[in-house]
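Take a look at the structure below.
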Amino acid sequence: MSKFRFLTSGESHGKCLTAIIEGIPAGFEINIDLINAELKRRQSGYGRGERMQIECDTAEITSGVRFGKTLGSPVTVVIQNRDFENWQKIMSVLPEDFTEEKSFTRCRPGHADYAGSIKYNHKDLRNVLERSSARKTAIETAVGAVAKQILSKFNVKCSSKILQIGKAYENFELEIDKAKEIGDTLSGKFEVVFENLPVGLGSYVHWDRMLDGKIAQAVMSIPAVKAVEIGQNPLGFSGSEYHDEMFVENGKITRKTNNAGGIEGGMTNGEPLVVKAVMKPIPTMRKPLNTVDLADMKECQAHFERSDTCAVEACAVVAEARIACVLADEVLQKFGGDSFDEIFRRLGF
Ligand code: EPS
């Protein structure tokens, strides 16, 4: 049974983004400043587009907390979209406000436009873009910031770094400047590390309880992520080269390597959890791709409004958040109770 779960709602240019989080034990102090710091991290990073200059993402808690502490009831978090100001009519919920302004039918290859229009029978691709946009990762980052705060009570620490942008392993800003100049976008690879995780989160007993599988799903489903690795990619290694041999030092098991990335048999093994992921170049491009206009089935150039040249830094922050949610769920399943007092009493804190 999942302890920490959430749903989000909200369109990219709608009024707000909302999350309802369930499973946070009672008596927990959520630090809103820490949520806002994560939101700021997600918005920054070299290569972000003009939307990030409009927004100043800040979270508001509208339920589940009283006098600073969680009640055990669902916690609602809201982020207002500042840009909604400019989209009120276009994104109106009222039928009488119908307008074709900002409608489009020239689908962007690589985005959800084509499949989404067929799946939901939308003629106006705006109806697909609005929810498929990576804008929703703002509210996911807020939820992840709550999960991180839960994990920090168990002394778990999290960090991330960029490994590659485009073809570059360094001078990332130069690479991004070059792509921006020609209206192109860039892929990249990043790494997320969680330290001090207890041994035995996840399980080997069923496929859907394997922690590596859960993490892969959480990271792979971030818009634009196309590959996820846990630890060192084993391709080309022999068994004797790859596996992390075990030794004893002062009565404790130690390892000299962590190729497994902290997971063996679908469970944490006490070593740092290391997750790497590759983000594809954003498909909303100033230098448009060849495509088809779904209104008349004629070949044309893809729709463009504005976009980021590179959002790999933001993607790493979102991945931290998504993984934190999976880990908070696992930690609460293993040590959970209805209140934090109960949890800490049992753990002897
Ligand atoms: C994003 C907000 C979006 C995009 C970006 C991510 O805002 P807008 O569409 O108004 O510019 O900047 O999403 C994409 C480029 C995409 O293709 O999904 C955000 O808040 O992260």
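What you see below is based on every heavy atom in this structure, not just the backbone, and it leaves out hydrogens, waters and symmetry mates. Whatever order the structure lists ligands and atoms in, that order sets their numbers, starting from 1.
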Worksheet entry | Ion pair check, Lys157 and Glu195, cut-off under 4.0 Å |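 Here Lys157 does not pair with Glu195 in a salt bridge, since their nearest N and O are not under 4.0 Å apart.
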Worksheet item: Within less than 4.0 angstrom of ligand 1, does Ser307 place any heavy atom?
Response: yes
Practice prompt. Using non-hydrogen atoms of the residue, decide whether Glu305 is closer than 4.0 angstrom to ligand 1.
Written response: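 No, Glu305 has no heavy atom closer than 4.0 Å to ligand 1.
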Worksheet item: Quick check: does Asp83 get an N/O under 3.5 Å from an N/O on ligand 1?
Response: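 No, since none of the N or O atoms of Asp83 sits under 3.5 Å from an N or O of ligand 1.
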Worksheet item: Does any N/O atom on Ala134 come nearer than 3.5 Å to any N/O atom on ligand 1?
Response: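 Checking ligand 1 against Ala134, an N or O pair does fall under 3.5 Å apart.
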Nearest non-hydrogen protein atom, [atom]:
atom                    : value
atom 16 (C) of ligand 1 : His111 NE2, 3.4 Å
atom 3 (C) of ligand 1  : Ser133 OG, 3.8 Å
atom 7 (O) of ligand 1  : Arg51 NH1, 3.3 Å
atom 21 (O) of ligand 1 : Arg42 NH1, 2.7 Å
atom 11 (O) of ligand 1 : Arg306 NE, 2.9 Å
atom 4 (C) of ligand 1  : Asp308 OD2, 4.2 Å

Could you check whether [Y] and [X], counting side-chain N and O atoms only, form a donor-acceptor pair closer than 3.5 Å?
X      : Y      : value
Asn171 : Glu175 : no
Thr8   : Arg131 : yes
Asn86  : Asp83  : yes
Lys153 : Asn155 : no
Asn258 : Glu271 : no
His303 : Glu305 : yes

Worksheet item: What are the atoms of ligand 1, with element, lying closer than 4.0 Å to any heavy atom of Ile282?
Response: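 Near Ile282, the atoms of ligand 1 are 15 (C), 17 (O).
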Worksheet item: What atoms in ligand 1 come closer than 4.0 Å to a heavy atom of Thr284?
Response: 17 (O)
Worksheet entry | Residue portion contacting ligand 1 (non-hydrogen atoms closer than 4.0 Å) for Arg135 | both
Item to complete: Tell me which one of Arg48, Glu55, His13, Gln43 gets a heavy atom nearest to atom 9 (O) of ligand 1.
Response: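 Checking each option, the heavy atom nearest atom 9 (O) of ligand 1 is found in His13.
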Discussion item. Are more than 12 heavy atoms, taken from residues, nucleotides or ligands other than Leu71, located less than 6.0 Å from that residue's CG atom?
Written reply: yes
Discussion item. Side chains of Val317 and Glu313, heavy atoms from C-beta outward: is any pair under 4.5 Å?
Written reply: no
